[in-house]
Amino acid sequence: MTQFGFSYLFFAPCLLMPYYTSAWPTCSVKVEKLSRLQFAKLIGDAMRHFLTGIMVLCVRGYKVEGVTLWSCIIFMMLGILYLTLVSNRKHHIHADNMESSKHLVLLELRVLAFILIFCIVLITILAVSYSTFARNKLPKKEKHGSFSDMESDDEILGSYPKQRIYSRRHIWLQTVNGNRIMRDSHVVYRFLMVPIFFVLAHFIPVISKDRYLIGWVKYINCLCFLALPVLCLFHQFDAVQFIVVAIVCWTSSLLVYISTHSMRRPDHVWLYSLLGLAMSSVAMCVLCREIENLTWQYIGLRFDLLPDLNALMYFGLGEMFSEAILIKGLQLRKMWDASFGAVMSMTTYGVFLAFPLLYYHDCYNSNSKIIATASTETCMLFMLLILTTSLLHISMSGYELRTSLFVYLMAEASVYVIFQWMTHHTSVYPLTFLHNLK
């Protein structure tokens with residue numbers, strides 16, 4: 001697959017894995033305003049992901065293909081238009097009666113429409129990406145291996161030879177030494193991050209070609225399997241779910257300890273990269289929820305801001321910071337197409353999975369006849385404006401993401417925030433006729 005296709009398909013699901021695979025409903029029937037608050041957060045996240053990603057790309061510059069740009073932006077705009085249409089419809093879901101069943105059927109049809117259209121687009125991107133990669137791939141030369149110098153235990157522990165240059169202690173120090181790994185960063189950033197890096201490096205395995213043995217450290221992978229079930233407790237797993245996850249992870253830790261060698265890289269090392277990805281996604285989700293909790297308490301109580309405006313503008317700060325760091329890392333590795341695909345992936349998944357998530361998390365219930373508010377629909381209209389102007393600006397700039405686009409998006413985001421604050425203080429009316437959440 002191409003870099004853009006792989007990043008578009010898997011970046012958002014991997015980064016937001018705990019949110020998409022959560023087994024508990026995020027909306028409660030007892031809390032009337034929680035459903036509309038959840039929808040406001042999803043729409044705000046989609047806008048923040050697009051603005052953050054494109055602005056990070058504009059810092060170093062990037063030239064995108066015209067067909068890729070137009071197809072991605074138009075697809076997102078159609079998704080937002082359809083999401084605006086279906087979120088403004090009232091649904092009466094009460095006891096078992098004929099009217100309630102009709103509304104449930106309509107909800108299921110709209111959810112299926114979102115999922116089917118999105119799956120068709122993902123399959124199309126997968127096919128195009130695979131065909132493009134296969135067409136541009138260079139033919140490989142056949143290699144004839146020699147088994148005369150193979151060690152006796154290679155059949156069990158893998159085909160890679162055992163290294164004898166460094167000791168286990170030296171490999172461990174290379175892995176957890178954040179000062180060496182972040183030597184090109186700013187001294188203040190390095191001073192603040194080295195203690196955090198030292199702790200996290202013991203529980204999150206990182207597989208990279210830049211590291212010795214491609215980042216393989218046996219004991220860190222075993223610790224990751226042991227710590228993952230404990231971290232899942234913060235995601236409100238019940239007793240049965242926690243026991244299943246704990247048995248699977250702790251058994252896997254034992255198998256990794258028995259079947260691998262600390263001085264030899266395993267054959268299927270990509271499996272351990274998925275382990276590190278799962279651990280970092282769960283940890284990031286826990287950290288971001290705590291940041292949102294502090295944001296809710298400070299801004300909501302200090303400025304008496306409306307709940308949906310708080311979720312639209314100030315939630316998701318942790319995801320924005322994580323997305324900026326990841327895209328910056330892709331740019332430093334000169335993976336330009338992958339960085340652009342990551343931005344499109346975060347925004348597109350957020351738009352097309354918002355309505356299905358609301359449905360499967362029981363956000364449509366007897367207390368929520370309509371899921372959108374005036375501020376949420378205003379955000380969707382501003383997002384359409386931002387997508388349209390960004391598409392035209394990039395097209396007129398020769399399909400290059402320049403600093404001028406950064407300034408342009410900053411100005412649009414400032415206008416959006418000012419307008420939402422003005423609606424909060426009733427200085428202006430919202431762009432829609434829906435009610436506000438008080």
Side-chain angles (χ1 to χ4, degrees), residues 3-4 7-8 11-12 14-16 41-66 68-77 79-80 185-186 189 284 288 291-292 295 311-351 378-421:
Q3 290 184 5
F4 172 81
S7 181
Y8 189 94
F11 188 86
C14 294
L15 190 63
L16 302 175
K41 179 187 178 302
L42 293 174
I43 299 301
D45 285 343
M47 174 181 280
R48 284 185 291 269
H49 290 155
F50 181 81
L51 288 174
T52 303
I54 295 297
M55 291 169 72
V56 172
L57 290 176
C58 291
V59 173
R60 297 177 64 93
Y62 173 70
K63 185 176 179 62
V64 63
E65 295 182 0
T68 303
L69 174 70
W70 277 85
S71 58
C72 291
I73 299 296
I74 293 298
F75 180 56
M76 283 190 290
M77 292 174 64
I80 295 173
S185 302
H186 195 273
Y189 174 80
M284 188 198 71
C288 292
I291 295 175
E292 290 178 359
T295 304
L312 283 169
M313 294 190 294
Y314 300 109
F315 276 15
L317 298 178
E319 286 93 340
M320 290 173 58
F321 184 71
S322 302
E323 181 187 5
I325 292 177
L326 291 173
I327 294 175
K328 188 71 173 179
L330 292 175
Q331 288 181 320
L332 292 176
R333 289 170 173 79
K334 301 186 183 302
M335 302 174 68
W336 309 107
D337 294 337
S339 60
F340 181 74
V343 178
M344 297 296 105
S345 176
M346 294 287 290
T347 310
T348 308
Y349 272 84
V351 170
T378 300
C379 178
M380 288 190 281
L381 295 178
F382 265 96
M383 191 171 178
L384 284 173
L385 177 64
I386 291 173
L387 289 175
T388 304
T389 53
S390 299
L391 178 61
L392 296 177
H393 188 283
I394 298 173
S395 301
M396 291 186 294
S397 302
Y399 296 105
E400 293 182 356
L401 279 71
R402 304 174 179 175
T403 309
S404 58
L405 179 60
F406 179 91
V407 178
Y408 194 73
L409 291 178
M410 181 67 71
E412 287 186 321
S414 301
V415 171
Y416 164 72
V417 173
I418 293 172
F419 184 85
Q420 293 283 37
W421 272 102

Heavy-atom side-chain contact between H393 and S397 under 4.5 Å: yes

With the side chain counted from C-beta on, respond yes when Y416 and L312 share a heavy-atom pair under 4.5 Å apart, and no when they do not. yes

Nearest heavy-atom contact between F4 and C72 is CZ-SG, 3.6 Å

So which of L330, V64, V343 actually passes side-chain contact (heavy atoms from CB on, under 4.5 Å) with L57? V343

Step by step, work out the side chain to side chain contact (heavy atoms under 4.5 Å, CB included) result for C58 and R402. CA-CA 5 Å; C58 291; R402 304 174 179 175; over 6 Å; no

Would you say the side-chain atoms of T295 pair up with the backbone N or O of F315, donor to acceptor, closer than 3.5 Å? no

Which atom names give the shortest non-hydrogen contact between A324 and T52, and what distance separates them? CB-CG2, 4.2 Å

Which value, rounded to the nearest 0.5 Å, describes the distance between I394 atom CD1 and L69 atom CG? 5.0 Å

May I ask you to decide whether E292 forms a salt bridge with K41, counting only side-chain N to carboxylate O separations under 4.0 Å? yes

Partners meeting side chain to side chain donor-acceptor pair (under 3.5 Å) with S395 (sequence neighbours left out): W70

Crowded around R333 CZ? As in, over 12 foreign heavy atoms under 6.0 Å? no

Any chance CD of E65 has more than 12 other-residue heavy atoms, nucleotides or ligands included, within less than 6.0 Å? no

Are V417 and Q420 close enough, and set up right, to give a side chain to side chain contact (heavy atoms under 4.5 Å, CB included), and what steps lead you there? CA-CA 5 Å; V417 173; Q420 293 283 37; 5.9 Å; no

Atom pair CD/OG1 of E400 and T403 - distance to nearest 0.5 Å: 11.0 Å

Could you state the interatomic distance from CD (E323) to CE (M346), rounded to the nearest 0.5 Å? 4.5 Å

T389: which residues meet the side chain to side chain donor-acceptor pair (under 3.5 Å) condition with it, sequence neighbours left out? E412

Do the side chains of F11 and S339 get nearer than 4.5 Å, heavy atoms only? no

Can you list every ring pair (Phe, Tyr, Trp, His ring centres under 6.0 Å) pair that touches residues 41-65, not counting sequence neighbours? Y62-F340

Separation between CE (M335) and CD (Q3), nearest 0.5 Å, reads 4.5 Å

Taking C-beta and beyond as the side chain, do I327 and M55 meet within less than 4.5 Å on heavy atoms? no

Could you tell me whether the side chain of Q331 reaches within less than 4.5 Å of the side chain of V56, counting heavy atoms only? yes

Do K328 and R60 have side chains that get closer than 4.5 Å, going by heavy atoms? yes

Indicate the atoms forming the closest heavy-atom contact of A46 with V351, along with that distance. CB-CG2, 4.0 Å

For a quick test of reading the model, state the closest non-hydrogen atom pair linking A338 to S7 and the distance between them. O-OG, 2.7 Å

Check for a donor-acceptor pair, side chain of T348 on one end and backbone N or O of S345 on the other, with a separation under 3.5 Å. no

F321, CZ atom: more than 12 neighbouring heavy atoms under 6.0 Å: no

After noting the C-alpha distance and the side-chain angles of S390 and Y408, does the key distance pass the side chain to side chain contact (heavy atoms under 4.5 Å, CB included) rule? CA-CA 8 Å; S390 299; Y408 194 73; 5.7 Å; no

Does F382 reach the side chain of V415, with side-chain heavy atoms less than 4.5 Å apart? yes

Can you tell me how far the CG atom of L326 sits from the CE atom of M284, to the nearest 0.5 Å? 8.0 Å

With I73, the side-chain contact (heavy atoms from CB on, under 4.5 Å) member among L392, L391, T347, T388: L391

Taking the side chain as every heavy atom from C-beta outward, state whether M76 and M344 have any pair of such atoms under 4.5 Å apart. yes

